[in-house]
Protein chains: 4
Amino acid sequence: MSIAHGKLGIVTESQVARPASPRRRQARGERRIQQLLDAAASVFCRTGYTSASTNAIAREAGVSPGTLYQFFPNKEAIAVELGDRLTQQMRDTHGVVFTDENAALPLGEMLDVVLDPLIEFNCANPVFLTLICSSDTPGTVAEEHAALHAALQTRVEELIGTYVPELTPERRTRIATMAFALFKAGLELILSHEGEDREAYITEMKNCLYGYLAPVIGTEAAPARH
Amino acid sequence: MSIAHGKLGIVTESQVARPASPRRRQARGERRIQQLLDAAASVFCRTGYTSASTNAIAREAGVSPGTLYQFFPNKEAIAVELGDRLTQQMRDTHGVVFTDENAALPLGEMLDVVLDPLIEFNCANPVFLTLICSSDTPGTVAEEHAALHAALQTRVEELIGTYVPELTPERRTRIATMAFALFKAGLELILSHEGEDREAYITEMKNCLYGYLAPVIGTEAAPARH
Amino acid sequence: MSIAHGKLGIVTESQVARPASPRRRQARGERRIQQLLDAAASVFCRTGYTSASTNAIAREAGVSPGTLYQFFPNKEAIAVELGDRLTQQMRDTHGVVFTDENAALPLGEMLDVVLDPLIEFNCANPVFLTLICSSDTPGTVAEEHAALHAALQTRVEELIGTYVPELTPERRTRIATMAFALFKAGLELILSHEGEDREAYITEMKNCLYGYLAPVIGTEAAPARH
Amino acid sequence: MSIAHGKLGIVTESQVARPASPRRRQARGERRIQQLLDAAASVFCRTGYTSASTNAIAREAGVSPGTLYQFFPNKEAIAVELGDRLTQQMRDTHGVVFTDENAALPLGEMLDVVLDPLIEFNCANPVFLTLICSSDTPGTVAEEHAALHAALQTRVEELIGTYVPELTPERRTRIATMAFALFKAGLELILSHEGEDREAYITEMKNCLYGYLAPVIGTEAAPARH
DNA sequence: GATGAATGAGGATTCATTCAT
DNA sequence: TATGAATGAATCCTCATTCAT
């Protein structure tokens with residue numbers, strides 16, 4: 001049974017775009033929001049989060065600045081909502097990723113099963129990486145995406161724990177952190193290439209993770225649970 | 001004999017800060033420049049490149065904005081010169097890093113010999129990573145640091161070539177790119193921790209690179225040259 | 001017999017909120033208007049007239065901005081109507097205030113009789129003072145409240161005239177103006193205190209008016225009329 | 001000996017326009033600041049503090065918005081500095097106002113001696129009243145002018161204390177508050193008239209204060225000190 | 001009528017850069 | 001050279017008001 005649904009639930013009751021009235025927002029507004037989020041995704045990818053201006057997003061969405069602020073109180077809220085929706089979408093589409101069954105597979109297969117949908121999703125939604133990495137100072141993740149970041153990394157930790165429960169929590173955290181960093185770095189390369197090159201980089205990333213994790217969690221299937 | 005001097009020098013032809021008189025710059029001016037670069041390093045680290053303002057740099061340096069612009073035509077030039085100097089300094093201090101002798105060592109030792117000074121240098125000069133990663137858009141390195149970036153990666157490629165000359169150029173480039181990305185990602189983690197944690201992350205990074213490279217270039221010493 | 005009805009009615013010819021059909025407004029519309037005016041009163045008191053936004057008023061009233069503009073053409077009209085209604089209410093509740101009978105009383109008693117209901121009314125409706133003082137530039141009363149202001153002051157003038165008909169019109173106007181200004185100033189203090197403090201300030205205001213008016217209109221009852 | 005210099009010293013080490021360097025600001029900058037403060041005074045008087053925009057002030061001063069912000073971090077700082085300078089100027093020009101000698105005079109003379117310079121000063125600098133009254137919500141003085149306001153009122157309290165030391169502190173505070181409110185209200189009238197009218201209102205204000213204070217502090221000279 | 005989306009000018013503020021002294 | 005004043009476009013955000021549904 002998939003545990004993904006419970007665990008990735010970081011969609012923290014989005015603070016924006018929930019009007020007082022319990023009624024559902026009007027269709028037009030919902031469309032505008034999607035429009036704005038699409039525009040934001042586009043602008044974030046093009047210029048990065050920090051350099052993206054709300055005016056630019058509004059312009060890209062073809063609306064006035066005021067309209068943007070009717071739906072989002074500030075730039076951060078846009079990013080948060082965008083992150084929330086992407087996370088949700090990832091869960092809906094690739095929820096299988098983090099199931100315990102996967103954790104039972106031998107390393108190589110597990111990497112395929114886990115990474116392929118993640119990579120696919122990120123190729124389809126390159127903003128996701130932008131959001132997660134949207135930090136001016138390397139090593140620091142912007143406040144607003146901390147939750148998103150944390151949730152993903154927690155999943156990695158859990159996955160590792162499934163294979164080698166005997167690791168100290170510190171070591172496990174470190175390995176997860178490193179693996180996640182590696183994943184992000186690899187993703188960056190993957191996203192910046194296309195076609196065969198992209199495929200090749202996907203392989204490199206898998207090789208890399210395989211080489212890193214094999215000594216730690218072994219190449220065999222994880223021990224049977226319970 | 002070290003080949004570093006010829007190879008890493010690509011970007012040292014500083015485009016800025018060369019006053020009209022080609023004679024050696026006055027000591028005062030040189031001091032000013034160093035002052036400004038130090039200030040810039042500090043500010044870049046604190047706020048990131050994009051968010052760093054020239055006024056903030058001037059203030060940190062204890063000079064007026066006008067003075068800053070007497071030495072640098074714009075913000076970018078500061079970053080470029082800073083990168084140049086750091087590269088130079090790295091060469092001077094750790095030039096031995098990329099020698100062919102190192103390339104002859106077994107993988108584990110080579111990683112120690114190559115990485116330790118690089119890590120040390122980056123811990124002492126955290127701006128370096130900031131500059132290299134100063135891009136807002138992941139996967140794209142800001143124009144100004146492309147050269148710096150390229151020079152470093154070229155060295156990695158060469159190093160790999162020393163071990164396994166039979167790799168196709170494409171594969172070699174890919175592996176170097178991946179390894180370099182991995183290095184940057186690991187460095188980020190290293191820099192964001194201190195004390196024992198930092199040491200632990202250094203180990204993780206080495207493990208990671210070892211695991212990735214071992215299947216490619218083997219764990220033995222490189223074949224004798226010539 | 002009260003003369004207030006004829007005299008204070010100057011501004012009651014509400015210029016707004018008269019829908020096309022001259023028939024009595026629908027009960028619902030009337031309720032809406034009251035809702036909006038109550039909300040406006042609350043917001044004006046909280047933030048002042050200038051800083052009060054129509055959106056905030058609509059929100060406070062629990063309606064949409066569009067609805068607000070269905071009943072009032074602009075922010076000013078809200079204030080005007082609010083003033084009108086308060087004046088009306090004041091007349092209805094405390095209409096006795098400015099009767100000639102009062103004017104026959106000795107100063108001290110007259111002040112009690114005249115001021116107490118006024119103070120009570122203003123404590124119950126603090127917006128009233130806000131509206132009257134809603135001017136940004138001291139000494140100038142905002143256009144919209146000029147009439148309200150004028151009506152009140154006229155009454156004071158008449159009252160003074162009752163006591164000392166022999167004053168030149170100019171002097172009488174000046175004294176009324178000063179007394180009214182004093183009243184507003186005192187009211188401000190009264191409204192900004194509570195409990196015993198408030199009572200004490202009421203006494204101070206009366207003392208003040210007494211001390212000011214006694215030399216002018218005497219402390220005895222006014223001369224019998226006709 | 002005048003105690004004014006020690007007492008009105010609310011010029012609280014102005015937080016603006018004091019650069020790090022201990023050198024005196026350049027003459028041009030000093031002139032600009034004066035220009036900006038003059039412009040601010042003008043705009044504040046015309047539109048009130050709340051409605052005054054920094055752009056309007058800059059425009060009035062004939063400079064760009066950026067220039068304004070070179071000298072003042074925000075609108076409030078302008079008001080504060082303006083208040084500080086006016087207070088200073090008032091001290092310099094009319095420091096005699098609050099001396100103990102005045103406090104020895106019979107009420108009528110004291111009022112002349114104290115009020116005349118204050119009125120003169122306020123007629124010459126109408127912003128002063130605007131600043132002191134710059135509040136959206138009546139009865140509340142904007143944070144930034146609280147100090148100014150407080151200092152003035154304290155002086156009034158002290159003055160009253162000189163005449164009738166036996167008053168309870170509460171009563172004394174109340175009387176001072178009322179007298180000060182009365183003064184402000186009267187000033188408003190005075191400033192909004194000209195020529196003979198103004199003179200007449202000055203008389204009214206004095207009458208008013210006389211009538212209010214006579215019963216409290218008597219009309220005779222204050223008891224000899226010490 | 002009611003809603004809430006839409007507008008766009010305007011406000012505060014910042015910042016890279018230039019200029020006069 | 002050094003200074004610090006000056007610029008003005010660009011940022012984020014607000015608000016009175018209008019409009020489509």
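All chains are named by letter (A, B, ...) in the order of the sequence lines, taking the proteins before the strands, and each is independently numbered beginning at 1.
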Considering only side-chain heavy atoms of [X], which listed nucleotide, [options], is closest?
X: B/V63; options: F/dT17, F/dC13, F/dT3; result: F/dT3
X: B/Q70; options: E/dT7, F/dT3, F/dA16; result: F/dT3
X: B/P65; options: F/dC13, E/dA12, E/dT17; result: E/dT17
X: D/N55; options: E/dT17, E/dG11, E/dT7; result: E/dG11
X: C/R32; options: F/dT14, E/dT3, F/dG8; result: E/dT3
X: B/N74; options: E/dT17, E/dA12, F/dA6; result: E/dT17
X: D/F71; options: F/dA6, F/dG4, F/dC13; result: F/dA6

(message) Could you check whether D/Q34 and D/D38, counting side-chain N and O atoms only, form a donor-acceptor pair closer than 3.5 Å?
(response) yes

Send over the distance from [X] [atom1] to [N] [atom2], rounded to a whole Å.
X: B/E76; N: E/dC15; atom1: CD; atom2: P; value: 19 Å
X: D/E30; N: E/dT21; atom1: CD; atom2: P; value: 18 Å
X: B/I78; N: E/dC15; atom1: CD1; atom2: P; value: 14 Å
X: D/F72; N: F/dA6; atom1: CZ; atom2: C1'; value: 15 Å
X: C/R31; N: E/dG1; atom1: CZ; atom2: C1'; value: 13 Å
X: C/I57; N: F/dT14; atom1: CD1; atom2: P; value: 17 Å
X: A/R59; N: F/dA10; atom1: CZ; atom2: P; value: 9 Å

(message) To the closest 0.5 Å, what do you measure between CG (B/L36) and CD1 (B/I57)?
(response) 8.5 Å

(message) Within this structure, what is the OG1-OH distance for the pair C/T54 and C/Y69, rounded to the nearest 0.5 Å?
(response) 3.5 Å

(message) Would you say that A/Q89 contacts A/F128 through its side chain, given a criterion of any heavy-atom pair below 4.5 Å between the two side chains?
(response)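 A side-chain contact under 4.5 Å is absent here.
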
(request) Find out whether D/Q88 and D/D84 are in side-chain contact, i.e. whether some heavy atom of one side chain is under 4.5 Å from a heavy atom of the other. (result) no

Please determine if a side-chain N or O atom of [X] lies less than 4.0 Å away from the OP1 or OP2 oxygen of [N].
X: D/T54; N: E/dA12; result: yes
X: A/Y69; N: F/dC13; result: yes
X: D/S64; N: F/dT7; result: yes

(request) Assign each of D/L68 and A/A56 to its nearest nucleotide of DNA chain F by heavy atoms, then name whichever residue's nucleotide is nearer the 5' end. (result)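 Closer to the 5' end of DNA chain F: D/L68.
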
Indicate, with a heavy-atom threshold strictly under 4.0 Å, whether [X] touches base, sugar-phosphate, or nothing.
X: C/T67; answer: base
X: B/S53; answer: sugar-phosphate
X: C/A52; answer: sugar-phosphate

(request) Give the stems involving DNA chain E, where a stem is 3 or more consecutive Watson-Crick or G-U wobble pairs (i with j, i+1 with j-1, and so on) under 3.5 Å. (result)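 When the pairs of DNA chain E are grouped into runs of at least three, the stems are E:2-21 with F:2-21.
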
(message) Do the side chains of D/E30 and D/R85 get close enough for a salt bridge, i.e. N-O under 4.0 angstrom?
(response) yes

(message) Quick check: closest heavy atoms across B/Q35 and B/A61, and the distance to 0.1 Å?
(response) OE1-O, 3.2 Å

(request) State whether D/F44 and D/K75 meet the cation-pi test: NZ (Lys) or CZ (Arg) under 6.0 Å from the six-membered ring centroid, and within 45° of the perpendicular axis. (result) no

